[in-house]
Amino acid sequence: QVQLVESGGGLMQAGGSLRLSCVASGRTFSSYAMGWFRQAPGKAREFVARIDWSTGNTYYANSVKGRFTISKDNAKNTVYLQMNSLKPEDTAVYYCARGPAYYSTWTQEYWGQGTQVTVSS
C-alpha cells in the first residue's frame with residue numbers, strides 16, 4: 001500500500017517562503033512522477049508542479065513558474081516544493097500526488113492528505 005505524507009505547510013506573510021515535503025512509502029517506479037496540486041476554498045483542484053522520477057524533468061503551472069521549485073531525493077523517496085515570493089492567492093490546501101507519467105500525460109494514482117498553506121497580505 002502506497003502512502004504519501006505531506007508536511008511543511010503553515011501561515012506566512014506575503015513575500016515569504018515555505019518548503020513542503022512529501023514522503024512516499026512503498027516501491028517507486030522509474031516511470032512515475034510525483035508532484036503537487038492545490039485547492040483553494042470554492043475552487044477546483046489545480047496542478048502546481050511535477051517532477052519525473054527517472055529523468056528529473058520538471059513541469060510547472062504558469063502561476064508559480066519562477067517562484068516555486070520542485071525537487072526530489074531518490075534515496076528518501078521524498079519530493080519537495082520550495083515556495084518563494086508567496087502571494088495571498090497561493091493560499092490553498094496543497095496535495096502531493098504520485099503516478100505514471102509519459103511526456104505531458106500524468107495520471108495521479110495516489111494522493112496525500114493535504115497540508116494547508118495560508119499567505120497573509
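In this text the structure is predicted, and so the values were computed from the model without any measurement.
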Practice prompt. Calculate, to the nearest 0.5 Å, the distance between atoms CG and CG belonging to L18 and N84 respectively.
Written response: 9.5 Å
Worksheet item: Who pairs with Q39 by side chain to side chain donor-acceptor pair (under 3.5 Å), at least two apart in sequence or on another chain?
Response: none
Worksheet item: When hydrophobic residues are tied together by side-chain contacts of less than 4.5 Å, even through go-betweens, does I70 share a cluster with Y110?
Response: yes
Worksheet item: Of the non-hydrogen atoms in Y94 and R38, which two are nearest, and what is the gap between them?
Response: OH-NH1, 2.9 Å
Discussion item. Less than 4.0 angstrom from a charged side-chain N to a carboxylate O is my criterion; do R98 and E109 meet it?
Written reply: no
Worksheet entry | Path from V2 to W53 over hydrophobic side-chain contacts below 4.5 Å | yes
Discussion item. Within the 4.5 Å heavy-atom criterion, are D52 and Y59 side-chain neighbours or not?
Written reply: yes
Practice prompt. Test M34 against C22 for side-chain contact (heavy atoms from CB on, under 4.5 Å), laying out the working first.
Written response: CA-CA 9 Å; M34 287 185 66; C22 174; 3.8 Å; yes
Practice prompt. Examine distances only and state if a side-chain atom of S25 and a backbone atom of Q3 form a donor-acceptor pair shorter than 3.5 Å.
Written response: yes
Fill in: Distance, nearest 0.5 Å, that separates OG of S31 from OH of Y102
11.5 Å
Worksheet item: Any side-chain donor paired with an acceptor under 3.5 Å for E89 and T91?
Response: no
Discussion item. Tell me whether E6 contacts the main-chain N or O of Q113 through its side chain, where contact means a donor paired with an acceptor under 3.5 Å.
Written reply: yes
Worksheet entry | Test item: D73 side-chain N/O and K76 main-chain N/O as donor-acceptor pair under 3.5 Å | yes
Worksheet entry | Evaluation steps, side chain to side chain donor-acceptor pair (under 3.5 Å), between Y80 and R19 | CA-CA 7 Å; Y80 304 98; R19 189 176 84 154; 4.8 Å; no
Worksheet item: For the residue pair S17 and S85, what are the closest heavy atoms and their distance?
Response: OG-N, 4.4 Å
Response to the item:
In terms of heavy-atom contacts, A92 and A40 come closest through CB-N, 3.8 Å
Response to the item:
To the nearest 0.5 Å, atom OG of S120 lies from atom CG of L86 at 10.0 Å
Discussion item. The test is side-chain contact (heavy atoms from CB on, under 4.5 Å); show your working for V117 and M83 and say whether it passes.
Written reply: CA-CA 10 Å; V117 171; M83 304 185 294; 3.9 Å; yes
Worksheet entry | T115/L20 under side-chain contact (heavy atoms from CB on, under 4.5 Å): CA gap, chis, key distance, verdict | CA-CA 8 Å; T115 185; L20 306 183; 4.0 Å; yes
Discussion item. Please verify the inter-ring angle class for W106 with F47; under 30° counts as parallel, over 60° as perpendicular, anything in between as tilted.
Written reply: perpendicular
Fill in: Reference residue V23; test side chain to side chain contact (heavy atoms under 4.5 Å, CB included); the match among V79, L4, T78
T78
Item to complete: Apply ring-ring contact (aromatic ring centres under 6.0 Å, His included) to the pair Y95 and F37, showing each step before the final yes or no.
Response: CA-CA 5 Å; Y95 295 92; F37 284 71; 8.8 Å; no
Practice prompt. Please round to the nearest 0.5 Å and tell me the distance separating atom OG of S121 and atom NZ of K87.
Written response: 14.0 Å
Response to the item:
Correct closest heavy-atom pair for S21 and W36 would be O-CH2, 3.6 Å
Worksheet item: How long is the span from the CD atom in Q108 to the CZ atom in R50, to the nearest 0.5 Å?
Response: 9.0 Å
Practice prompt. Check K72 against G56 and note the closest heavy-atom contact, atom names and distance.
Written response: CE-CA, 3.9 Å
Practice prompt. Using the side-chain contact (heavy atoms from CB on, under 4.5 Å) rule, take V48 and Y60 through it: C-alpha gap first, then chi angles, then the decisive distance, then the call.
Written response: CA-CA 6 Å; V48 175; Y60 295 94; over 6 Å; no
